[in-house]
2 protein chains.
Amino acid sequence: MDRERLSSRVEDYLEAILQLSETPQGARTGEIARLMDVQPSTVSTALKSLNEQGLVDYTPYDAVTLTPDGRRVAEEIAGRHVALRRFLMEVLGLDPEDAEPVACGMEHDATPLVAERMTLLADFFRQHPGMMAKWLVARQEARGNGLPGVESSLDELPQGVRALVLSIDVEGALRRRLVEMGVTPGVLITVERVAPLGDPIAVEVRGYRLSMRKAEAANIRVRWRPGLA
Amino acid sequence: MDRERLSSRVEDYLEAILQLSETPQGARTGEIARLMDVQPSTVSTALKSLNEQGLVDYTPYDAVTLTPDGRRVAEEIAGRHVALRRFLMEVLGLDPEDAEPVACGMEHDATPLVAERMTLLADFFRQHPGMMAKWLVARQEARGNGLPGVESSLDELPQGVRALVLSIDVEGALRRRLVEMGVTPGVLITVERVAPLGDPIAVEVRGYRLSMRKAEAANIRVRWRPGLA
DNA sequence: TGGTATTGTTTGACGGTTCAAACTTTTTGA
DNA sequence: TCAAAAAGTTTGAACCGTCAAACAATACCA
Ligand SMILES: [Mn+2]
Ligand SMILES: [Mn+2]
Ligand SMILES: [Mn+2]
Ligand SMILES: [Mn+2]
């Protein structure tokens, strides 16, 4: 029962297979190779070994599937992967592209307790937007990005000034809509253009341009440096 | 200049050498082997390779030293190691024995930004004891350890009840003394014995027994479950 | 249905990390 | 001072994860 600790590479193969086994084609050698950035021949070799270890069911030329043992491991690792990534992005404020490889490296060393606590901390900050806002400010100030800075709601942000989203002070459908558009605490936002009558406004966030009502923008707290164009 | 990314094993050797080079004997093969839990012959092999990569200066049978390049890498990794460990212990509440191996594994995947933000978050919680206390409660409640719970100062904690240290509400020498004794936010503490006249009291924390004045204990906020012996 | 394009496998080789065993150098202390 | 003990090294072998090249099976389509 007490199998030898699996190498991080083996854990990654299982994670990839889990992910692909949820697609219609199942987990095929070529796809695994693409996902893991290795040659197909490497995958063939790995699958044979995984099969011998009882972690996958593998018949050459067929899609591979996880055994119950393999699935257990894969789900454990995939769970840690998402916990790590969420923590890195939501709490530490990393970009998705930076968070992804770090999460996939650290997942092999994180214990279940570590992953659990990271998720808990991300939940904690979600439940306490005031604290999250303070933490975001501390982050911003630590970066020289920031200096003093001024706080306001988004509808009061001058055109062209980059601002840090501190919180979204509204619940329900509107909040969900904003979050879907990528407006979340910690991201940088800019008002690009205000319509002639002052409404709607066009904002830029994470490289996307989107438009919203002034009344909606009033629910978003932001922090920015006055003075700079 | 743009040397190939170093393996985590190479980074660990450099970290160990840095640590040992601060001892009077310097970094000797046998000590490196003990620290890294490998055979001396393995270390000899590694040192030869490290020497060829220009990371250490190594003459057989002599203590090895870091080159400027090697020292740069070693200090970078050692810095991440302590940042990770501090974060895992202070923020996530892991025991030192649990935090150590996790930190030494994750240090190889953490980017400088990740380490910096983790340190910043630990600093942030230190500067905001009220938030730290709330986070500690969230942690405790998530564990089923906890359930509702009651808050008081340590001098009001009944004998034999395990309590969570929330904060130390005093500055200066007394605070430092308590921290040195291992009384820090997040640890579990028990009052073992109260002297006949109610002062001093004997407390147990992290497996150590120590005694303190009631007046001192009054500065420590704790949280515990009433009812249980 | 047969031939070609695509996909996958086998094999041999290489670099990296480790060990055990045999060997060498250095240290120690009588 | 020198022999035994301790510390360190060399060597050969193993295992892992990877690749390229040659080969095999399967899928597709005319
Ligand atoms: Mn991974
Ligand atoms: Mn992963
Ligand atoms: Mn390490
Ligand atoms: Mn380390």
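Owing to the predicted nature of the structure, the values given are computational and were not obtained by experimental measurement. Naming convention: chains lettered A, B, ... in sequence-line order (proteins, then strands); numbering from 1 in each chain.
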Here the distance between atom P of dT10(C) and atom CG of Asn51(A), to the nearest Å, is 11 Å
Determine: side-chain N/O of Ser7(B) to OP1/OP2 of dT17(C), distance under 4.0 Å, yes or no. yes
I need the CD-C1' distance between Gln39(A) and dA13(C), as an integer number of Å. 15 Å
Quick note, Thr45(B) side chain, CB onward, closest among dA20(C), dT11(D), dC19(D) is dT11(D)
Spacing of His108(A) atom NE2 relative to dG17(D) atom C1', expressed in whole Å: 14 Å
Give a yes/no on whether any side-chain N or O of Ser44(B) is located under 4.0 angstrom from OP1 or OP2 of dG8(D). no
Rounded to the Å, how far apart are Lys48(A) NZ and dG8(C) C1'? 13 Å
So, for Ala78(B) and Leu18(B), which heavy atoms are closest and what is the spacing to 0.1 Å? CB-CD2, 4.0 Å
Do you see a donor-acceptor pair shorter than 3.5 Å between the side chains of Arg206(B) and Thr184(B)? yes
Which nucleotide in dT9(C), dT7(C), dC19(C) has an atom nearest any side-chain atom of Arg28(A): dT7(C)
Give the nucleotide from the list dT9(C), dT18(C), dT9(D) with an atom nearest to the side chain of Tyr58(A). dT9(C)
In whole angstrom, what separates Leu6(B)'s CG from dG15(C)'s C1'? 15 Å
Determine the contact category for Ser49(B): base if any of its heavy atoms lies under 4.0 Å from a base atom, sugar-phosphate if only primed atoms, P, OP1 or OP2 are that close, otherwise nothing. nothing
Take the protein atom CG of Leu47(B) and the nucleotide atom C1' of dT18(C), then report the distance between them rounded to whole Å. 14 Å
Atom-pair distance (CG on Leu50(A); P on dT9(C)), nearest Å: 13 Å
Phe87(B)/Phe87(A) aromatic ring centres below 6.0 Å: yes
Does OP1 or OP2 of dT10(C) have a side-chain N or O of Tyr61(A) closer than 4.0 Å? no
Please classify the nucleic acid contact of Thr29(A) as base, sugar-phosphate, or nothing, using heavy-atom distances under 4.0 Å. sugar-phosphate
Upstream residue (5' side of DNA chain D) when Met36(A) and Pro40(B) are each assigned their closest nucleotide: Pro40(B)
Between Asp123(A) and Arg126(A), is the closest basic N to carboxylate O distance under 4.0 Å? no
Does a side chain donor of either His108(A) or Asp12(A) reach within less than 3.5 Å of an acceptor in the other side chain? yes
So, is Arg9(B) close to the dG16(C) phosphate, meaning a side-chain N or O under 4.0 Å from OP1 or OP2? no
In whole angstrom, what separates Asp62(B)'s CG from dT26(C)'s P? 9 Å
